[in-house]
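Letters A, B, ... mirror the listed sequences (proteins, then strands); counts begin at 1.
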There are 2 protein chains.
Amino acid sequence: MVTKQFTGSPDEADLRRADSLAREIFSDVANKWALLIIEALGERTLRFGELRNEIEGISHKMLTQNLRMLERNGLVERTVHPVVPPRVEYVLTEPGQALRVTIDGLCDWTHRYLGHIETSRHRFDG
Amino acid sequence: MVTKQFTGSPDEADLRRADSLAREIFSDVANKWALLIIEALGERTLRFGELRNEIEGISHKMLTQNLRMLERNGLVERTVHPVVPPRVEYVLTEPGQALRVTIDGLCDWTHRYLGHIETSRHRFDG
DNA sequence: CGGTATCCTTGTGGATACTG
DNA sequence: CAGTATCCACAAGGATACCG
(Lines give C-alpha, C1' and ligand atoms only; values in the text may rest on other atoms or scores of the structure.)
Protein backbone atom coordinates (compact mmCIF):
# COMPACT_ATOMS: atom_id res chain seq x y z
CA MET A 1 0.00 0.00 0.00
CA VAL A 2 2.47 2.59 1.17
CA THR A 3 4.88 1.89 -1.65
CA LYS A 4 2.14 2.50 -4.15
CA GLN A 5 0.47 5.53 -2.71
CA PHE A 6 1.75 7.92 -5.36
CA THR A 7 1.73 5.61 -8.35
CA GLY A 8 -1.97 5.62 -9.15
CA SER A 9 -1.64 1.92 -9.92
CA PRO A 10 -4.61 -0.19 -11.01
CA ASP A 11 -4.52 -1.99 -7.65
CA GLU A 12 -5.08 1.25 -5.79
CA ALA A 13 -7.78 2.32 -8.18
CA ASP A 14 -9.54 -1.02 -7.79
CA LEU A 15 -9.51 -0.68 -4.04
CA ARG A 16 -11.02 2.77 -4.22
CA ARG A 17 -13.69 1.52 -6.64
CA ALA A 18 -14.56 -1.38 -4.35
CA ASP A 19 -14.79 0.97 -1.39
CA SER A 20 -17.11 3.39 -3.10
CA LEU A 21 -19.24 0.49 -4.31
CA ALA A 22 -19.43 -0.89 -0.79
CA ARG A 23 -20.47 2.52 0.46
CA GLU A 24 -23.13 2.67 -2.24
CA ILE A 25 -24.54 -0.73 -1.33
CA PHE A 26 -24.48 0.27 2.31
CA SER A 27 -26.61 3.32 1.52
CA ASP A 28 -29.03 1.27 -0.54
CA VAL A 29 -29.52 -1.36 2.11
CA ALA A 30 -29.34 0.78 5.25
CA ASN A 31 -32.73 2.34 4.77
CA LYS A 32 -35.93 1.74 6.63
CA TRP A 33 -38.12 0.51 3.78
CA ALA A 34 -35.58 -1.85 2.25
CA LEU A 35 -35.04 -3.55 5.60
CA LEU A 36 -38.77 -3.83 6.25
CA ILE A 37 -39.37 -5.34 2.82
CA ILE A 38 -36.67 -7.95 3.34
CA GLU A 39 -38.05 -8.80 6.78
CA ALA A 40 -41.58 -9.07 5.40
CA LEU A 41 -40.50 -11.42 2.63
CA GLY A 42 -38.58 -13.71 4.96
CA GLU A 43 -38.74 -17.16 3.42
CA ARG A 44 -42.06 -16.59 1.70
CA THR A 45 -43.04 -15.60 -1.79
CA LEU A 46 -45.32 -12.57 -1.72
CA ARG A 47 -47.27 -10.60 -4.27
CA PHE A 48 -46.96 -6.84 -4.59
CA GLY A 49 -50.28 -6.23 -2.87
CA GLU A 50 -49.49 -8.68 -0.09
CA LEU A 51 -46.25 -6.85 0.63
CA ARG A 52 -48.18 -3.59 0.67
CA ASN A 53 -50.49 -5.02 3.33
CA GLU A 54 -47.67 -6.56 5.36
CA ILE A 55 -45.68 -3.36 5.64
CA GLU A 56 -47.75 -0.82 7.50
CA GLY A 57 -47.44 2.70 6.23
CA ILE A 58 -45.52 2.06 3.02
CA SER A 59 -46.79 3.90 -0.03
CA HIS A 60 -47.28 2.38 -3.46
CA LYS A 61 -44.41 4.48 -4.75
CA MET A 62 -41.89 3.58 -2.04
CA LEU A 63 -42.69 -0.10 -2.43
CA THR A 64 -42.10 -0.22 -6.19
CA GLN A 65 -39.06 2.00 -5.92
CA ASN A 66 -37.38 -0.13 -3.26
CA LEU A 67 -38.36 -3.39 -4.92
CA ARG A 68 -36.68 -2.21 -8.15
CA MET A 69 -33.58 -1.29 -6.21
CA LEU A 70 -33.48 -4.66 -4.45
CA GLU A 71 -34.04 -6.45 -7.75
CA ARG A 72 -31.24 -4.47 -9.39
CA ASN A 73 -28.86 -5.48 -6.61
CA GLY A 74 -29.94 -9.09 -6.99
CA LEU A 75 -31.48 -9.39 -3.52
CA VAL A 76 -35.01 -10.16 -4.66
CA GLU A 77 -36.27 -12.03 -7.68
CA ARG A 78 -39.30 -10.69 -9.51
CA THR A 79 -41.63 -13.04 -11.39
CA VAL A 80 -44.39 -11.74 -13.64
CA HIS A 81 -47.17 -14.21 -14.40
CA PRO A 82 -48.76 -13.33 -17.75
CA VAL A 83 -52.37 -13.40 -16.60
CA VAL A 84 -55.12 -10.86 -16.15
CA PRO A 85 -55.22 -9.35 -13.69
CA PRO A 86 -51.41 -9.37 -13.50
CA ARG A 87 -49.77 -11.45 -10.79
CA VAL A 88 -46.28 -10.37 -9.76
CA GLU A 89 -44.40 -12.29 -7.11
CA TYR A 90 -41.31 -11.43 -5.12
CA VAL A 91 -38.92 -13.75 -3.32
CA LEU A 92 -35.52 -13.31 -1.68
CA THR A 93 -32.50 -14.65 -3.54
CA GLU A 94 -29.64 -16.35 -1.74
CA PRO A 95 -27.77 -13.07 -1.12
CA GLY A 96 -31.08 -11.61 0.03
CA GLN A 97 -31.58 -14.45 2.49
CA ALA A 98 -28.08 -13.95 3.83
CA LEU A 99 -28.84 -10.30 4.36
CA ARG A 100 -32.09 -11.15 6.07
CA VAL A 101 -30.21 -13.15 8.67
CA THR A 102 -28.19 -10.09 9.67
CA ILE A 103 -31.36 -7.99 9.72
CA ASP A 104 -32.96 -10.53 12.03
CA GLY A 105 -30.08 -9.76 14.35
CA LEU A 106 -30.98 -6.10 14.17
CA CYS A 107 -34.62 -6.89 15.03
CA ASP A 108 -33.58 -9.01 17.98
CA TRP A 109 -31.35 -6.21 19.16
CA THR A 110 -34.18 -3.70 18.90
CA HIS A 111 -36.51 -5.77 21.03
CA ARG A 112 -33.87 -6.68 23.58
CA TYR A 113 -32.93 -3.07 24.25
CA LEU A 114 -36.36 -1.49 23.86
CA GLY A 115 -36.54 -0.82 27.60
CA HIS A 116 -33.00 0.55 27.91
CA ILE A 117 -33.62 2.91 25.04
CA GLU A 118 -36.96 4.15 26.30
CA THR A 119 -35.58 5.03 29.73
CA SER A 120 -32.48 6.59 28.19
CA ARG A 121 -34.70 8.80 26.08
CA HIS A 122 -36.69 9.98 29.07
CA ARG A 123 -33.52 10.81 30.96
CA PHE A 124 -32.17 12.73 27.98
CA ASP A 125 -35.37 14.63 27.26
CA GLY A 126 -35.92 15.65 30.86
CA MET B 1 -55.03 -11.44 21.13
CA VAL B 2 -58.17 -12.26 19.21
CA THR B 3 -60.34 -12.18 22.31
CA LYS B 4 -59.12 -8.71 23.10
CA GLN B 5 -59.19 -7.10 19.74
CA PHE B 6 -62.20 -4.89 20.41
CA THR B 7 -61.65 -4.20 24.09
CA GLY B 8 -58.94 -1.57 23.82
CA SER B 9 -57.38 -3.13 26.88
CA PRO B 10 -54.10 -1.81 28.35
CA ASP B 11 -52.32 -4.95 27.14
CA GLU B 12 -53.25 -4.22 23.56
CA ALA B 13 -52.37 -0.59 23.90
CA ASP B 14 -48.98 -1.50 25.37
CA LEU B 15 -48.28 -3.79 22.46
CA ARG B 16 -49.10 -1.10 19.97
CA ARG B 17 -46.90 1.38 21.82
CA ALA B 18 -44.00 -1.08 21.88
CA ASP B 19 -44.44 -1.72 18.17
CA SER B 20 -44.42 1.93 17.21
CA LEU B 21 -41.41 2.49 19.46
CA ALA B 22 -39.59 -0.39 17.81
CA ARG B 23 -40.40 1.08 14.43
CA GLU B 24 -39.07 4.43 15.58
CA ILE B 25 -35.80 2.93 16.82
CA PHE B 26 -35.51 1.02 13.58
CA SER B 27 -35.77 4.26 11.61
CA ASP B 28 -33.23 5.97 13.83
CA VAL B 29 -30.70 3.19 13.54
CA ALA B 30 -31.27 2.10 9.95
CA ASN B 31 -29.60 5.11 8.43
CA LYS B 32 -26.28 5.38 6.71
CA TRP B 33 -24.57 7.88 9.01
CA ALA B 34 -25.62 6.28 12.28
CA LEU B 35 -24.25 2.93 11.14
CA LEU B 36 -21.00 4.46 9.94
CA ILE B 37 -20.53 6.31 13.23
CA ILE B 38 -21.05 3.14 15.23
CA GLU B 39 -18.62 1.25 13.02
CA ALA B 40 -16.04 4.01 13.31
CA LEU B 41 -16.25 4.05 17.08
CA GLY B 42 -15.86 0.31 17.41
CA GLU B 43 -14.19 -0.32 20.74
CA ARG B 44 -12.34 2.98 20.76
CA THR B 45 -13.00 6.33 22.34
CA LEU B 46 -12.90 9.07 19.73
CA ARG B 47 -13.12 12.82 19.78
CA PHE B 48 -15.56 14.72 17.61
CA GLY B 49 -12.88 15.78 15.17
CA GLU B 50 -11.41 12.30 14.99
CA LEU B 51 -14.81 10.89 14.08
CA ARG B 52 -15.13 13.58 11.44
CA ASN B 53 -11.84 12.44 9.91
CA GLU B 54 -12.68 8.74 10.17
CA ILE B 55 -15.98 9.02 8.36
CA GLU B 56 -15.31 10.24 4.87
CA GLY B 57 -17.87 12.64 3.54
CA ILE B 58 -19.82 13.34 6.71
CA SER B 59 -20.64 16.96 7.36
CA HIS B 60 -20.27 18.75 10.67
CA LYS B 61 -24.03 19.00 10.93
CA MET B 62 -24.82 15.35 10.21
CA LEU B 63 -22.20 14.23 12.71
CA THR B 64 -23.54 16.31 15.61
CA GLN B 65 -27.11 15.49 14.72
CA ASN B 66 -26.56 11.75 14.62
CA LEU B 67 -24.36 11.78 17.71
CA ARG B 68 -27.14 13.53 19.65
CA MET B 69 -29.63 10.95 18.44
CA LEU B 70 -27.35 8.07 19.42
CA GLU B 71 -26.71 9.67 22.80
CA ARG B 72 -30.44 10.14 23.37
CA ASN B 73 -31.04 6.47 22.64
CA GLY B 74 -28.24 5.53 25.02
CA LEU B 75 -26.00 3.99 22.36
CA VAL B 76 -23.07 6.35 22.79
CA GLU B 77 -21.79 8.13 25.87
CA ARG B 78 -20.63 11.70 25.54
CA THR B 79 -17.94 13.08 27.85
CA VAL B 80 -17.07 16.76 27.93
CA HIS B 81 -13.68 17.63 29.40
CA PRO B 82 -13.74 21.16 30.82
CA VAL B 83 -10.60 22.42 29.16
CA VAL B 84 -9.77 24.96 26.50
CA PRO B 85 -9.95 24.13 23.71
CA PRO B 86 -12.86 21.84 24.55
CA ARG B 87 -12.31 18.11 24.38
CA VAL B 88 -15.39 15.98 23.79
CA GLU B 89 -15.12 12.22 23.62
CA TYR B 90 -17.55 9.60 22.41
CA VAL B 91 -17.65 5.91 23.23
CA LEU B 92 -20.16 3.13 22.61
CA THR B 93 -22.24 1.96 25.58
CA GLU B 94 -23.07 -1.69 26.13
CA PRO B 95 -26.25 -1.52 23.98
CA GLY B 96 -24.19 0.33 21.40
CA GLN B 97 -21.57 -2.43 21.39
CA ALA B 98 -24.28 -5.04 20.96
CA LEU B 99 -25.62 -3.12 17.99
CA ARG B 100 -22.13 -2.84 16.54
CA VAL B 101 -21.86 -6.61 16.46
CA THR B 102 -24.92 -6.89 14.21
CA ILE B 103 -23.61 -4.07 12.03
CA ASP B 104 -20.34 -5.94 11.66
CA GLY B 105 -22.46 -8.71 10.20
CA LEU B 106 -23.86 -6.25 7.69
CA CYS B 107 -20.36 -5.15 6.71
CA ASP B 108 -19.24 -8.74 6.25
CA TRP B 109 -22.30 -9.37 4.12
CA THR B 110 -21.54 -6.34 1.96
CA HIS B 111 -18.01 -7.45 1.22
CA ARG B 112 -18.95 -11.07 0.67
CA TYR B 113 -21.57 -10.23 -1.95
CA LEU B 114 -19.87 -7.26 -3.55
CA GLY B 115 -19.17 -9.25 -6.70
CA HIS B 116 -22.66 -10.77 -6.94
CA ILE B 117 -24.22 -7.37 -6.61
CA GLU B 118 -21.98 -5.69 -9.15
CA THR B 119 -22.73 -8.28 -11.83
CA SER B 120 -26.42 -8.25 -10.99
CA ARG B 121 -26.46 -4.51 -11.50
CA HIS B 122 -24.82 -4.75 -14.89
CA ARG B 123 -27.31 -7.39 -15.99
CA PHE B 124 -30.21 -5.24 -14.79
CA ASP B 125 -28.95 -2.00 -16.33
CA GLY B 126 -28.18 -3.56 -19.70
C1' DC C 1 -53.37 -5.79 -10.08
C1' DG C 2 -49.17 -3.78 -10.69
C1' DG C 3 -46.38 -0.07 -12.87
C1' DT C 4 -45.38 4.52 -14.37
C1' DA C 5 -45.77 9.50 -14.56
C1' DT C 6 -46.93 13.91 -12.67
C1' DC C 7 -47.49 17.29 -9.31
C1' DC C 8 -46.54 19.31 -5.07
C1' DT C 9 -45.24 19.44 -0.20
C1' DT C 10 -42.03 18.32 3.11
C1' DG C 11 -37.71 17.10 4.83
C1' DT C 12 -32.78 16.39 4.42
C1' DG C 13 -28.56 17.95 4.41
C1' DG C 14 -24.75 21.16 2.82
C1' DA C 15 -22.46 25.78 3.44
C1' DT C 16 -21.64 29.47 6.26
C1' DA C 17 -21.13 32.23 10.18
C1' DC C 18 -21.04 33.02 15.03
C1' DT C 19 -20.44 31.48 20.25
C1' DG C 20 -18.10 29.50 24.45
C1' DC D 1 -12.44 22.38 19.14
C1' DA D 2 -17.12 21.48 19.44
C1' DG D 3 -21.82 23.19 19.19
C1' DT D 4 -25.67 25.92 17.51
C1' DA D 5 -28.31 28.62 14.21
C1' DT D 6 -29.62 30.27 9.71
C1' DC D 7 -30.28 29.96 5.07
C1' DC D 8 -31.29 27.57 0.99
C1' DA D 9 -31.07 23.96 -2.76
C1' DC D 10 -32.52 19.81 -3.84
C1' DA D 11 -34.07 15.18 -3.08
C1' DA D 12 -37.49 12.28 -0.82
C1' DG D 13 -41.83 10.90 -0.61
C1' DG D 14 -47.14 11.29 -0.56
C1' DA D 15 -51.39 11.81 -3.48
C1' DT D 16 -53.44 11.32 -7.64
C1' DA D 17 -54.39 9.83 -12.17
C1' DC D 18 -53.85 6.93 -15.99
C1' DC D 19 -51.97 2.66 -18.67
C1' DG D 20 -51.07 -2.40 -19.50
Undergrad: With a cut-off of less than 4.0 Å, is there a side-chain N or O of A:Arg47 near OP1 or OP2 of C:dC1?
TA: no
Undergrad: Atom CD1 of B:Ile55 and atom P of C:dG14: how far apart are they, to the nearest Å?
TA: 12 Å
Undergrad: Would you confirm whether A:Arg23, through its side chain, and B:Glu56, through its main-chain N or O, come within 3.5 Å as a donor-acceptor pair?
TA: yes
Undergrad: Among the nucleotides D:dG13, C:dG2, D:dG3, which one has an atom lying closest to any side-chain atom of A:Lys61?
TA: D:dG13
Undergrad: Rounded to whole Å, please give me the gap between CE in A:Met62 and C1' in C:dT9.
TA: 14 Å
Undergrad: So if I take every side-chain heavy atom of B:Arg68 and compare against D:dG3, C:dC1, C:dG3, which nucleotide ends up nearest?
TA: D:dG3
Undergrad: According to a strict under-4.0 Å criterion, is A:Arg87 in side-chain N/O contact with OP1 or OP2 of C:dG2?
TA: no
Undergrad: Specify whether A:Trp109 and A:Tyr113 have parallel, tilted or perpendicular ring planes, treating 30° as the upper limit for parallel and 60° as the lower limit for perpendicular.
TA: tilted
Undergrad: Can you tell me how far P of C:dG13 sits from CE of B:Met69, to the nearest Å?
TA: 11 Å
Undergrad: Salt bridge check, B:Asp104 against B:Arg100: does any charged N sit closer than 4.0 Å to a carboxylate O?
TA: yes
Undergrad: So, OP1 or OP2 of C:dG3: does either fall under 4.0 Å of a side-chain N or O from A:Arg78?
TA: yes
Undergrad: In this structure, how many angstroms lie between the C1' atom of D:dG13 and the CZ atom of A:Arg52, rounded?
TA: 13 Å
Undergrad: State the dot-bracket string of DNA chain C. Criteria: Watson-Crick or G-U wobble, both atom distances under 3.5 angstrom; notation: ( ) intrastrand, [ ] crossing earlier pairs, | interstrand, . unpaired.
TA: .|||||||||||||||||||
Undergrad: Starting the side chain at C-beta, find the nucleotide from C:dC1, C:dG20, D:dT4 nearest to B:Pro86.
TA: C:dG20
Undergrad: Membership question, hydrophobic clusters at under 4.5 Å side-chain separation (ILVMFWY): are A:Val80 and A:Tyr90 in the same one?
TA: yes
Undergrad: Looking at A:Tyr90, does any N or O in its side chain come under 4.0 Å of the phosphate oxygens OP1/OP2 on C:dC1?
TA: no
Undergrad: Side chain of A:His60, heavy atoms from C-beta onward: which of D:dT4, C:dT4, D:dA2 has the nearest atom to it?
TA: C:dT4
Undergrad: Any side-chain heavy atom of A:Thr45 sitting closer than 4.5 Å to one from A:Thr79?
TA: no
Undergrad: Between A:Arg72 (CZ) and C:dG3 (C1'), how many Å, whole number?
TA: 19 Å
Undergrad: What is the distance from CG of A:Leu63 to P of D:dA12, rounded to the nearest Å?
TA: 17 Å
Undergrad: Measure across A:Gly96 and A:Ile38 and return the closest heavy-atom pair with its distance rounded to 0.1 Å.
TA: O-CG2, 4.3 Å
Undergrad: Return the nearest nucleotide to the side chain of B:Val88; candidates are C:dG14, D:dG3, C:dG3.
TA: D:dG3
Undergrad: Once rounded to the nearest 0.5 Å, what's the spacing between atom NZ of B:Lys32 and atom CG of A:Asp28?
TA: 10.0 Å
Undergrad: Rounded to the Å, how far apart are A:Ile58 CD1 and D:dG13 C1'?
TA: 11 Å
Undergrad: Whole-Å distance between D:dC1 P and B:Leu46 CG?
TA: 16 Å
